[in-house]
Amino acid sequence: MTNKRRSLPETLPLLPVTDSVIFPRMVVPLMVKEDEYSLLIDDTLGKEKFLVVGLVIDPEKEEDGPPEVHRVGTTVQVIKMSKTDGGTVLVVQGIARVAIEAVVSGKPYQEVRVRKLKEINRRGKKIDAMTSNLLGLFQQIVELSPHLPNELIPLSRNVDDPGALADMLVSTVNLDRLKKQGILEILDVRKRLEKMILFLGEELELQKMGKKIHDEVTKGIDKHQREYYLKEQLKAIQKELGMDMEEPSEVEELRESLAQKKLPEHALQTAEKEIGRLAKMHPSSSEYTVSRTYLDWILDLPWMESTEDNLDLKRAEAVLDRHHYNLEKVKKRILEFLAVRKLNPGHKGPILCLVGPPGTGKTSLGRSIAEALERKFVRMSLGGIRDEAEIRGHRRTYVGALPGRIVQGIKRAGANNPVFVLDEIDKVGADFRGDPSSALLEALDPEQNFSFSDHYLGLEFDLSRVMFIATANQLEPIPPALRDRMEVLELSGYTEEEKVNIATKFLIPRQVAEHGLKRKHIAFRKPGIRKIIREYTREAGLRNLEREIGGICRGVARKVADGSTEKMIVTPEEVLEHLGKPKFARDPAERASIPGVATGLAWTPAGGDILFIEATKMPGNRSLVLTGQLGDVMKESAQAALSYLRSKAKDLGIPEDFYKDLDLHIHVPAGAIPKDGPSAGVTMLTALASLLTARPVKPKVAMTGEATLRGTVLPVGGIKDKVLAARREGMTQIILPDGNRNDLDDIPENIRKQLTFHLVSRMDEVLNLALTPGKKALVGKD
Ligand code: ADP
């Protein structure tokens, strides 16, 4: 910065500026709008490059002519010029303070006459003191201000002219334009310093306040940023060391749950280890999810939680009675079973297995046992399970692996001693996927089930407090190893009378309530119930009956919801209206009216049923055709029946060579259902005999029994269910093997009274009883 002392022209072009105040010695860029001042610029640059810069008094004011400027301005010399998009940038250096005295010429820019102003420049201690004061203030401002470079401090200290120092500082520090103009106008250096001290003092206060506010605002942000920064760094370090991510809060929660959970030692250790593993995994990795799910399972299982047993037998009896009609024998056995538990709690008794047709109350007995004992109840259907993993779980290496059904059931129960009903244990199959029954055995067997191992958990779970109850439709398919551990309680089908009673006392009230109905809306009459039982169901149990009752309730519920207030009385007519056409024709006896058809009694897993066996003959050569999905045993019975007939042909009045030109065909309808067993032997023989003798079987006679080659009738199973079915289908005479005499005791008295029983030991007795009296054999001649 050199102070150019040269004589200036007296008239100079005037450049009005709105926001810059230019001080002598300062080098400042000025932006000039070219269209307005292009001539000014050209003229100036063409001459000595001097001009006067004056601060516009009021930049907001719209003026027609040139804007009015302050009286004191600065002469400057243009030292550089460059063009930009918006106009021209003039880099100017201030030369001297001048007074603008008069406008010499107008348009297109003003030329003014100027007079150089002289500074009053005194020296002395006071000035020195003020200078150093000013420097001190400036230093503080620079230190506080992020925009001012620290180099300004030594620079300012090198200026030894106090007036020049004041000028330099005023153009450096961010002062308001009018304050700057004020300083420009002060010619007395001492006064200028005074004013500057004042301004810089104010500026410093402002800066300090600004900084304080800034600090307060940023303190919060800083803290967060700092933490964030540190965390990121930590992550990077952990990653570098192969330690993976930080512990998410989930891990903390798991630790807390674990601390509050009662676990056996081995499970606790595994859980702790797993949490340790989890803590090092990335939360979005699939491994994390697997590990997390596993921990949830461990934490959710009731390892040590059990409910307290209520071993009040009176209460248990009341509960069983409350939910079940009759079933006295079964209830008695259940109560005995509970009594043993009461007297000897540690006793590992056998597992109860309730066997009987569907819908006879097996599951609901299980539920009542749970209610009586005040235990939790879970039920799991084993029907169709072929894979051991269903029982015992998949190893965790499989995607989506889960514990087996036993452990799942226990979790659902929420206690380690629920009553656990294993439904349809007779339907468990075995194939290449492993044998589920061995896993079941491990769960059920009191000798081993204290350490049941589930593949998923990989931990032993104590099942010894669980009360398992199995249910099955048949006993035979249950693997012997399992069967040996069970105490079998048999339930058989219900008689019509029992069904009516159960419907009235249990099923109807339940369905009515479930459908949101009240007594004032609906009442069932006995004939109506009977009609449902006879014509809409054909079952040993109660499932369909309950469903049909539900169907009627639904219809009534709809009417009530529609605003009907009429009470519906369920009579046979109403049943017809609600349930539509009967599903089962009532009169099967009719079918047996032609020769060759005999009515047998069969036992199926769904209870007893009647079965028509049809025999026909056609020209052919001695073959016996059997259809209707018959099993081997049944086929053999058919062969045996034919052989017997051939040997007895004479006695029966059939030509001895009757089969010579014939094919015989035996068909057992309801074809899709596989049938087997020897108990249809008697019926097949009767059907054949009826065909060959042309004597129809008496209507309403039904029979069961195994027939030997020599015509002896042997006892068979399922008598009670078969008799109930016969009664249900309207049969009146029942032919049974004499060997089944004792089974008649199981048949309810009232049913027994309605039927005639014929106990036989030989086939000829059967034929005499069953066939209508005939005249003579017509075999081969019709
Ligand atoms: P299962 O398990 O033998 O197939 P459920 O226990 O499911 O049969 O019984 C079917 C329905 O019949 C249930 O609503 C049950 O309450 C009812 N039920 C069965 N037997 C009786 C009974 N003796 N007394 C009252 N309701 C019974």
(request) Find the distance between CD1 (I533) and CG (N544) and round it off to the nearest 0.5 Å. (result) 12.0 Å

(request) Check ring-ring contact (aromatic ring centres under 6.0 Å, His included) between H578 and all other residues, then give those that pass, not counting sequence neighbours. (result) none

(message) Please tell me whether Q260 and E256 have a donor and an acceptor in their side chains that are separated by less than 3.5 angstrom.
(response) no

(request) Please list all pairs passing the ring-ring contact (aromatic ring centres under 6.0 Å, His included) test where one or both residues lie in residues 473-497, with sequence neighbours left out. (result) none

(request) Look at atom NZ of K531 and say whether more than 12 heavy atoms of other residues, nucleotides or ligands are closer to it than 6.0 Å. (result) yes

(request) Taking side chain to side chain contact (heavy atoms under 4.5 Å, CB included) as the test, write out the residues that go with R315, two or more places apart. (result) N310, D312, E374

(message) Enumerate the side-chain hydrogen bond (donor to acceptor under 3.5 Å, both in side chains) contacts for residues 406-422, please, sequence neighbours excluded, ordered by first and then second residue.
(response) S306-N416, T307-N417

(request) Find the distance between NZ (K722) and OG1 (T704) and round it off to the nearest 0.5 Å. (result) 3.0 Å

(message) Distance check, rounded to the nearest 0.5 Å: K362 atom NZ versus I469 atom CD1?
(response) 13.0 Å

(message) When you measure from the side chain of W303 to the backbone of I298, do you find a donor-acceptor pair of N or O atoms at a distance under 3.5 Å?
(response) yes

(message) Distance check, rounded to the nearest 0.5 Å: L440 atom CG versus L382 atom CG?
(response) 5.5 Å

(message) Any side-chain to backbone donor/acceptor pair from T471 onto E424? Under 3.5 Å, distance only.
(response) yes

(request) Name all residues meeting the side chain to side chain donor-acceptor pair (under 3.5 Å) criterion together with S464; count only those two or more places apart in sequence or in a different chain, and write none if there are none. (result) D462

(request) Could you tell me which residues satisfy ring-ring contact (aromatic ring centres under 6.0 Å, His included) with F468, sequence neighbours excluded, listed by chain and number? (result) F420

(message) For G409, is there any backbone N or O sitting under 3.5 Å from a side-chain donor or acceptor partner on R379?
(response) no

(request) Validate the cation-pi geometry between R396 and Y294: distance from NZ or CZ to the six-membered ring centre under 6.0 Å, angle to the ring axis within 45°. (result) yes

(message) Counting C-beta onward and ignoring hydrogens, is there a side-chain heavy-atom pair between M731 and M703 closer than 4.5 Å?
(response) no

(message) Run M486 and I478 through side chain to side chain contact (heavy atoms under 4.5 Å, CB included) and show every step you take.
(response) CA-CA 10 Å; M486 304 201 283; I478 305 177; 3.8 Å; yes

(message) Is it the case that the side chain of R465 and the backbone of F450 share a donor-acceptor pair, with hydrogens and angles ignored and the cut-off at 3.5 Å?
(response) no

(request) Would you confirm whether D454, through its side chain, and L457, through its main-chain N or O, come within 3.5 Å as a donor-acceptor pair? (result) yes

(message) I'd like to know if the side chain of N449 and the backbone of A443 have a donor-acceptor N/O pair within less than 3.5 Å.
(response) yes

(request) Taking all heavy atoms of A316 and all of L335, pick out the closest pair and write down the distance. (result) CB-CD2, 3.9 Å

(message) Between N326 and E498, is there a side-chain donor-acceptor contact under 3.5 Å, judged purely by atom types and distance?
(response) yes

(request) On the 0 to 90° scale, with breaks at 30° and 60°, tag the W297-Y456 ring pair as parallel, tilted or perpendicular. (result) perpendicular

(request) Give a yes or no on whether the backbone of E476 and the side-chain of R483 come within a donor-acceptor separation of less than 3.5 Å. (result) yes

(message) Can you confirm whether E328 is buried at CD, in the sense that more than 12 heavy atoms of other residues, nucleotides or ligands lie under 6.0 Å from that atom?
(response) yes

